[in-house]
Structure formats: structure tokens, C-alpha cells
There are 4 protein chains.
Amino acid sequence: MKFTEVVISTKANNTGEKYHRILEAAVSVFAKKGFHQSTISQIAGEAGVADGTIYLYFKNKDDILVQFFTYKTKQVFAGFREAVKKADNARDKLRNLVHRHLEEFQKDRKMAIVYDALTHQNMELVEVNIRGMSKMYTDIVSDIIERGQEEGVMRRDLYIGLVKRFILGAVESAISNWLRSKREYDLTSMTDPLIDLFIRGIGNPDA
Amino acid sequence: MKFTEVVISTKANNTGEKYHRILEAAVSVFAKKGFHQSTISQIAGEAGVADGTIYLYFKNKDDILVQFFTYKTKQVFAGFREAVKKADNARDKLRNLVHRHLEEFQKDRKMAIVYDALTHQNMELVEVNIRGMSKMYTDIVSDIIERGQEEGVMRRDLYIGLVKRFILGAVESAISNWLRSKREYDLTSMTDPLIDLFIRGIGNPDA
Amino acid sequence: MKFTEVVISTKANNTGEKYHRILEAAVSVFAKKGFHQSTISQIAGEAGVADGTIYLYFKNKDDILVQFFTYKTKQVFAGFREAVKKADNARDKLRNLVHRHLEEFQKDRKMAIVYDALTHQNMELVEVNIRGMSKMYTDIVSDIIERGQEEGVMRRDLYIGLVKRFILGAVESAISNWLRSKREYDLTSMTDPLIDLFIRGIGNPDA
Amino acid sequence: MKFTEVVISTKANNTGEKYHRILEAAVSVFAKKGFHQSTISQIAGEAGVADGTIYLYFKNKDDILVQFFTYKTKQVFAGFREAVKKADNARDKLRNLVHRHLEEFQKDRKMAIVYDALTHQNMELVEVNIRGMSKMYTDIVSDIIERGQEEGVMRRDLYIGLVKRFILGAVESAISNWLRSKREYDLTSMTDPLIDLFIRGIGNPDA
DNA sequence: AATGAATGAGCGTTCATTCAT
DNA sequence: GATGAATGAACGCTCATTCAT
């Protein structure tokens, strides 16, 4: 595919290349400094282009962030459905979801940092995107929980509205801790411990 | 130091008053606009003082944020120990902790917003404070878990390093959702549902 | 008056002084380069203040122009009524108007240049002001013509709507020529020749 | 030169076509936004060529304006002589001049707007052109006046240096008013009322 | 202590011009 | 000839900080 593009149109390829180079550079700078503290000059420098070039690909600074959400992040989240589909029971679906979540964010640390920061700021710019993605995620979790209840492996007396946000929150919190940790460790290794906490809780059932 | 001044003179007392007025004004503005988008002028305006006056009480803009963490937030967190002490078993201690946590953040919404945003940004400025407070919190949780294990009400096979962060993350996530919710609801009412999820998980023990 | 202000309030005086210094500087730069080609830096430099200082007295660059019209130019035009009042017949009133017009514009050459340029550009910014001032002027002329007709010194068969604009145009044209002339001459000396052309025209009445 | 190219080759002919397309586009954009507010991109867009193409026909942005004066406007003004020639007495010559002037500017409104704006700005770029055209025009008027004096239809005691500029100014002023008028009316219909004012003035000769 | 006018570095953005294709 | 992506200087404007009063 990439190769075909090169053959067909050098221009289109270059355009795409530069667009992505700027986007990656921007995410990199945003991750380091935060969106508002990042300057166009820094992004241009990181991307190896002139400041003005940015404006050939993005309407303005805000637009870079919006594009980041619209294309990059949204794509990652959309992939979660796929992971869930691959399992045939609720518990494994939940496990796959969490695993894929941790995996994707571990794979792209900078995206993880930017995403983490933005979801905790009131930025109208991306609020709609964030709410949309959050809804997509919690809808998936809701479906899994309901299925789990049908399968008999999950409690019937759950307040699903809380549970779905609880699970997203716990996973995001795990990512957040990983990002801030000074030790380097495999984020995906948290999958099973997390699932275990979700399912069994911390209480001693024999008590 | 500030306290001493209050004792010594009326002038110092006024000073203390103005200091707090500025701090409250700052938190208010930070909550509305975010730290970097807030201006000294806005804070001064909200506090009813001149721009220059701010610099009599704070070294610079950053310092306002540091003071916010050093005094205001730290104080809130310190109160958590007290709540925990009032219960005499692990489960109630955990319940009291979570309840107090939600209560304090509900009581001071602006602080909650600022705290939420800052803990998810890489600001060297407050990193130490955040780590300190997080440690204080998770230490409390660790103690509770260990006690619960001794009491036999909590599982022995827990990865405490994860659990303590898991609980903090889940509570903070509940706060975060409450802050972003369009509906108004009583945040403390989330206490028992949360504790229930912590202790029993979502799994059906009969399965 | 000036002195009193100094005694009462140095601050107010300084403020007014700086405001006017900037306005004068701006008009000076506008006259030399034209509004759009003038930069804030140039104006600030000419006024002997920092760039940022401009924004303590004017909302933005556009506002400088608007203020110029609202206060400076409007004031000059308002003075025209006064000159007209001092004569007791139509011809002298017209003479006084034209004389005062030429006199004021000669007195403030820079204002004249800026006014001349702006009235021939489509700038929404000052369009209302320009139309307003033009109307004020042509209303005065209309009154004079009508009075002249009553006095019997002016023709009855005049298309006043044209005449009033004709007179303003001819005077402004005289100013414009004076501004562009390489020779220096007394603009007010054009008064009587102009009035003569207005009244008698170029035709030979004996023909 | 350009004309020669047209004769020599089809390619050159295309070139000439594109050259004029760009010039027309430029005038159109200048009329709408003013010279300094117009961008090369806008002109290129209006002309249906690439930005870079402009530089194959014009040295730079300023050059477009210079060419506008050198070819387009100068051509219009040159035509005035022709109109004057068609009358055989001073009064009709003046009438024909004014009529043609109004007619040409009414015919090409965009040119009129650009010409009007530029003649009232201090642009070294076109100053020479403007002075040249103004001289050409006032020379024609001077000739007419002198002839009128010989014919005995015009006063002998005229300050011709003023009269010639007076007439040009009044006509340009009529055009300027027409351009700014919200009502649409036939500009050439102003010819006779203007001539009447020129010849007879506003005064009552019987007074 | 308190003020707020003044500063000027630094930002996001535009656009005339160039040049590889 | 024709293109339009790329450039980077230059602009208007903001705002943390200082300091004379």
C-alpha cells in the first residue's frame, strides 16, 4: 500500500509523510511540555520543517490536537472492539479489552501521556472527542458485563453505570501510574492482576 | 511562620487574610481556566488586589501553585488519617477513608478540579508534592489492607503494590467522573457501591 | 488647567500625556506609511514607549485609528459650525467654512494626510465616522446655500444634493493637492479663489 | 513589447492572455480589499493560476500595481484627448472631457475604486504615474480654458493653476461619491450639472 | 504594605517569494 | 511555461514581572 502510493504519486506520499511527521513531532512535544506550553516553533523544529509549513497541514495549533484525537487516538480505541470480539466469554472479553488497552498505550507512550493529560483538563476543543471515546469504551464494558450476567459469571446486583466507569478508571489509573513510575516495567503484565481485582475484589469470600 | 505572624500583629493578620484570599482566588481561576491559561491579572481581580500585590505573598505564578499543594491540598489529605482512625476494623477504615476523600473533594469542587488536572500533567513544579501525597495515601491503604488480612477479611494473595494504587485510582476516577458529569449528584453516595466493588468484585462467587 | 491637573494628580496627567503622545505618534506614522503599513513597533518607537504600553491605552491597532477619528478629527469638524456662526450672510458663512477647513488641515498636516487617505479607502472601521462627518459638513453647506437663496445671492435652480458634495469635494481636493505639492504655499490663501469659483464659476457672464 | 509578442507567436499570445487575466484579477481583488490587504494567493485564485505563475509575468506584488497604472489606467486617460478633439468649442470640449471621464470610470468600477484609493495614498511606487496622469489631464483642461478665454466664453481673470486642479478635483470627487453611494445611479448624468456649476457657479448673477 | 503603569520577550500566525519538479 | 509546497521574516498582541510612587 505504502509502496503503491510512492509509485502513483510522489506528491501525495510526501504530503502524507510530512503531515504525519508533524503530527508525531507535535505529540512528542505535547508529551514533554503539555499542549499549552508547546510552541509551534518547537513542533516545527522537532518535525524538521519551517514554522510556516505547519500551517499548510493544520489550520492552527488547536487543529493539531484535534487531528490527533480524530485520527490517532480514535483509531486506537476503535481497535478495542476487535480485541473483545476474539474472546467468546465475558471474562475473556474483559481480559482482552484490558490487555489491548494496556498494550496500545504501552506501544505509544507519547500518545498515552497526551491522552492522559487531556482527559483531565476542561478543553472544549477535545471534550466532544473525549466524551465520545469514553462512551464507546464504557458501552463495550457494559455489553461485557451484561453478557457476564447472562453467563452467570458476574453478579446480578451490579450498578452497571458505576461499574463501567470503575473499570475504565482503574485501567487508566494503571496506565497513569506506569507513565509516572520511575521503574520501567511491562504494563501489560498488569492485565491479570487487574482482572483478578475486578472479578474477585479484595475481600476474603470465606470470611 | 505565617501562623506566628498572625499571633504577633494585626498587620500580619491582615497579611494572612490577603494571602488566603489570593490563594482562594487563584484556585478559583485555575479551576475555570487551567493553570497556564490563568493570568496574574485574573487572580488579582478575583482576589480584589492589585497585580503587584500578588508578588508580596508569592514569589511568582508557579509559587502560587506550589503553595496550593503545600498548604491547602496537603491539609485535606492529612485529614484522611483522622477518618481512618475513627473505625476499628479494616473494612470500616477503608470505608471511612473513601467517604472522607469523596466528601472533602465534593466540599471543595475547585480544589478537586485543580488537583485532578495537575496530577495528570508532567509538572516538575508539583511532582514532588503529588508523589508525597500519593505515597501518604497509599501507605494508609496498605496499612488497612494488611490489617484486613490479619483480621481475615481480606485475601492473603493480594499484590498490595497494585491494590493500593488501584483503590486510589478508582476513587480519583469516581471524583473525576463526578466533576465532568452534567448531572449533579451526591458524590459521597458513591462510597458504599465503591467499597462493595473493592471487596467483592464483580464476579459471582457462586459461579 | 494643565497646571492644576499636575498639582492634583500626577498620575492622571501622565496618563493623559502618554495617551496623547501615542495618538500623535500614531498619526505621524500613519501619515508617513499609511495605516496598514504602520507597525505597532514604529508607533511605540515614535512615542518613546514599549510596544506593550500601546495596549494599555488602546484596545488594538484598529482602535488607535478609531480614537483618532472619534476624538481628534471629529473635534476639528465640529469647530466648523463655530466658524460659520461668526458670519451673518451666506457668502461669508461659506467663506468662513472653507477658510476654517483649510486652516485646520494646514495646522495639522499629518491629520490631513491620514484623513485624506482614509476617506478614499473602504475601511468598515471608520466608515460610519466618515459618513457621519461628511453628513455634518454637507448639512452645514446645505443650510448656507438655502440661506443664500433666501438672501437672493444664490441661484434658485441648484441641485443642492450635488452642490453640497461638490463644494466639499473641491475643498478636499485643494487640500489633497496642497499635501502632494512639492512647493510649500499657504493653503488658506486658496480660500478666496475657491469661493470665487464657487460663486461665479469660470464662465464669462457677459458672453 | 507585449504587443509584439502577441504578433509573433501563439505561445506569446497565451502569455498575453494570462498576463491580462492576472491584471484583471488583481484589480478585482485590490478593489475589494485594498492593495496591501490583497494577497498573491487571492489574485492567483481569482485569475485561475498558481501563485508562482504570477512571478512569470510580474516582478513582484508591487509590479502588478505599477503595470496597472502603466497600461490600464494610462490608456483610459489617454482616451480623454480623443473625446476633447470631437468638440469644436471650449465649452463642449470641457463637457466631452467630463462626460468621457465619468463614462470610463463608470464602465470599469473596479479600476475606479483602485484609482481612487491609490491617488490618495503616499505610495512612491505609483507617485510618478499619478503625477504624470494628473498633469496630462490638467494640461488638457488648461488648453480648454485658454481656448475658452479666446472664444470669450470664459473669464479672463482666472487663476488657471487653480482652476485646472479644481475641475479635476470636482470630477474625481463626483466619482468618489458615486463609488461610495448606496443608491445606484447613472454617473454620466452628473455631467451637465457639473458643467453648469463650473461655468455659472452657484451665485445669482442678478444679485 | 500596596499599587498599577510600564516593560519586552515570546507567542501564533500570515504571506511574498523561491525553486524543485 | 506552470506549479504549489516550502520558507522564515515580520507582524499584532499577551502577560509575568518590576518598580517608582
Side-chain angles (χ1 to χ4, degrees), chain A residues 10-12 14-15 17-19 36-44 47-64, chain B residues 9 11-12 14-15 18-19 36-45 48-64, chain C residues 9-12 14-15 17-19 22 36-44 47-64, chain D residues 9 11-12 14-15 18-19 36-45 48-64:
Chain A
T10 310
K11 198 172 280 171
N14 284 342
T15 300
E17 229 181 314
K18 205 157 280 186
Y19 171 84
H36 290 294
Q37 279 47 63
S38 301
T39 70
I40 292 291
S41 274
Q42 287 163 356
I43 295 167
V49 299
D51 290 20
T53 304
I54 305 263
Y55 293 87
L56 297 176
Y57 298 90
F58 300 89
K59 219 173 60 215
N60 50 36
K61 194 184 162 191
D62 284 3
D63 190 38
I64 305 178
Chain B
S9 80
K11 211 173 215 173
N14 286 342
T15 299
K18 205 160 277 188
Y19 170 84
H36 291 292
Q37 280 52 61
S38 301
T39 70
I40 293 290
S41 269
Q42 287 163 355
I43 296 168
V49 300
D51 290 19
T53 304
I54 305 255
Y55 290 85
L56 298 176
Y57 297 89
F58 301 89
K59 217 173 64 210
N60 51 36
K61 195 184 161 190
D62 285 359
D63 190 39
I64 304 178
Chain C
S9 161
T10 311
K11 198 172 282 171
N14 284 342
T15 299
E17 230 182 313
K18 204 157 280 187
Y19 171 84
I22 293 170
H36 290 294
Q37 280 46 63
S38 301
T39 71
I40 292 292
S41 274
Q42 287 163 356
I43 296 167
V49 300
D51 290 19
T53 304
I54 305 263
Y55 294 89
L56 297 176
Y57 298 90
F58 300 90
K59 219 172 62 215
N60 49 38
K61 193 184 162 191
D62 284 1
D63 190 38
I64 304 178
Chain D
S9 80
K11 209 172 214 173
N14 286 342
T15 298
K18 205 161 277 190
Y19 169 85
H36 292 293
Q37 280 51 61
S38 302
T39 71
I40 292 290
S41 269
Q42 287 163 356
I43 296 167
V49 301
D51 291 18
T53 304
I54 304 255
Y55 291 86
L56 298 175
Y57 297 88
F58 300 89
K59 217 173 64 211
N60 52 36
K61 195 184 160 190
D62 286 359
D63 190 38
I64 305 178

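Residue numbering restarts at 1 for every chain, and letters A, B, ... go by the order of the sequence lines.
- A pairwise comparison of heavy atoms in D:Q37 and D:Q42 identifies O-OE1, 3.9 Å as the closest pair.
- Rounded to the nearest 0.5 angstrom, C:D63 CG and C:Y55 OH are separated by 10.5 Å.
- If you measure from atom CD of A:Q37 to atom C1' of F:dA16, you get 13 Å, rounded to the nearest angstrom.
- Where D:N60 and C:A50 each meet DNA chain E at their nearest nucleotide, the meeting point lying more 5' is that of C:A50.
- Side-chain nitrogen and oxygen atoms of A:K59 include none within less than 4.0 Å of the OP1 or OP2 phosphate oxygen of E:dT13.
- Counting only distance, with no hydrogens or angles, the side chain of D:K59 and the backbone of D:I64 share no donor-acceptor pair below 3.5 Å.
- Between B:Y57 and E:dA2 there is a side-chain N or O to OP1 or OP2 distance below 4.0 Å.
- Distance, B:K61 NZ to F:dT14 P: 15 Å, rounded to whole Å.
- Using the Watson-Crick or G-U wobble rule with both distances under 3.5 Å, E:dA20 pairs with F:dT3.
- At a threshold of 4.0 angstrom between heavy atoms, the contacts of D:T39 are confined to the sugar-phosphate backbone, with no base atom among them.
- Counting any heavy atom pair closer than 4.0 Å across all strands shown, C:I40 reaches sugar-phosphate atoms only and no base atom.
- One finds no side-chain N or O of B:K18 lying less than 4.0 angstrom from the OP1 or OP2 phosphate oxygen of E:dA1.
- In this model, the phosphate group of E:dT7 is approached by a side-chain N or O of C:T53 to a distance below 4.0 Å at OP1 or OP2.
- For D:H36 and E:dC15, the NE2 to P distance is 14 Å, given to the nearest whole Å.
- Note: CG (D:L56) to P (F:dG4) measures 13 Å, nearest angstrom.
- Place B:S38 and A:D51 on DNA chain F by their nearest nucleotides, and A:D51 ends up nearer the 5' end.
- The nearest whole Å value for the distance from the CG atom in D:D62 to the C1' atom in E:dC15 is 14 Å.
- The CD atom of D:Q42 sits 12 Å away from the P atom of E:dT14 (whole-angstrom rounding).
- Atom-to-atom, CD1 of D:I43 to P of F:dT3 comes out at 15 Å; the value is rounded to the nearest Å.
- Place B:G48 and C:V49 on DNA chain E by their nearest nucleotides, and B:G48 ends up nearer the 5' end.
- Checking side-chain atoms of A:K18 against main-chain N and O of A:Y57 turns up no donor-acceptor pair under 3.5 Å.
- Pairing for E:dA1 is absent, judged as Watson-Crick or G-U wobble with the two contacts each under 3.5 Å.
- The side chain of C:Y55 contributes no N or O atom lying less than 4.0 Å from OP1 or OP2 of F:dC15.
- In this entry the distance linking OH of C:Y19 with C1' of E:dA6 reads 18 Å, nearest Å.
- Contact record, C:S41 with C:D51: OG-OD2, 2.7 Å, taken as the closest heavy-atom pair.
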